[in-house]
Amino acid sequence: MIRVPWNYDFFAKKEKFDGVFVSNGPGNPALLTETVNIIKKCFEKKIPTFGICLGNQLMGIAAGAKTYKLKYGHRAQNQPCIDAKTGRCYMTSQNHGFAIDRKSLPKDWDVWFEHANDHTVEGIRHKKLPFMAVQFHPEACPGPVDTENLFDLFIKQL
């Protein structure tokens, strides 16, 4: 595993890699066009890609969706998120102020998780290709660790 800056272009550097993990970070996702373009290249080459928090928003933009600023954002632990496929509710940790506009999500993408309180998009995944992302922090441990298995799902895609 190598850790790189937000605008590191694996393709320009001719790096060999099996997958890309797009991590969290601050700011307006619409301003990070360099990162979005790198994610688009991953999509074009069908490279397994997993995003969390800001990574979720950036993957949404790279897929063709829009983002918007939440009035208050989602902060702290024990934020309830529902898996759209199973209906199971997970308690998550969050710290973000932007969300993906579900109406703008392309048809080849599904809403994977939804916030139980305000129904905002909390995760997306491609219907056929190995691209997935969540808005919450499965790596955080201030409380329940119900979603840490998402990392296993990503590893299986590599």
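Numbering of residues begins at 1 and proceeds along the displayed sequence.
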Practice item. Under the side chain to side chain contact (heavy atoms under 4.5 Å, CB included) rule, what do L129 and F43 come out as? Steps first, then yes or no, please. Key: CA-CA 8 Å; L129 299 173; F43 290 171; over 6 Å; no

When you compare the side chain of [Y] with that of [X], does any pair of heavy atoms fall below 4.5 Å?
X	Y	answer
Y72	L70	no
P48	D18	no
L58	V36	yes
Q135	H115	no
I100	I124	yes

Sub-3.5 Å donor-acceptor pair from the side chain of [X] to the main-chain atoms of [Y], do we have one?
X	Y	result
D83	K85	yes
K66	K103	no
T35	W6	yes
H126	K128	yes

Review point. Less than 4.0 Å between a side-chain N and a carboxylate O, is that true for K41 and D9?
Key: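 A salt bridge links D9 with K41.
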
Check your understanding: If you round to the nearest 0.5 Å, how far is CG of N56 from CE of M132?
Key ->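 So the CE of M132 and the CG of N56 are separated by 11.5 Å.
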
Exercise for review: Find the distance between OG1 (T33) and CG (N7) and round it off to the nearest 0.5 Å.
Suggested key: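 So the gap between those two atoms works out to 10.0 Å.
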
Review point. Under 6.0 Å between ring centres, would you say that holds for F113 and F136?
Key: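 Close enough - the centres of the two rings lie under 6.0 Å apart.
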
Point to revise | Evaluation steps, side chain to side chain contact (heavy atoms under 4.5 Å, CB included), between F50 and M59 | key: CA-CA 8 Å; F50 181 35; M59 286 180 65; 5.8 Å; no

Is [Y] reachable from [X] through a run of I, L, V, M, F, W or Y residues, each pair having side-chain heavy atoms under 4.5 Å apart?
X	Y	result
V20	V4	yes
Y8	L54	yes
I39	L105	yes
L150	F131	no
M91	I82	no

Check your understanding: F11 and I47: side chain to side chain contact (heavy atoms under 4.5 Å, CB included), yes or no, with the steps?
Key -> CA-CA 12 Å; F11 303 100; I47 296 168; 3.7 Å; yes

Review point. Do H74 and D118 have a side chain donor and acceptor closer than 3.5 Å?
Key: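 Side-chain D/A pair, H74 to D118: present.
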
Review point. Hey, are Q79 and E122 close enough side-chain-wise for a donor-acceptor pair under 3.5 Å?
Key: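 No - no donor-acceptor pair under 3.5 Å links their side chains.
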
For residues [X] and [Y], report the shortest heavy-atom separation together with the two atoms involved.
X	Y	value
F17	E15	CD2-O, 3.5 Å
T120	R102	C-NH2, 4.1 Å
K127	K107	NZ-O, 2.8 Å
C81	T92	SG-OG1, 3.6 Å
P106	A65	CD-N, 4.2 Å
C42	T49	CB-OG1, 3.6 Å

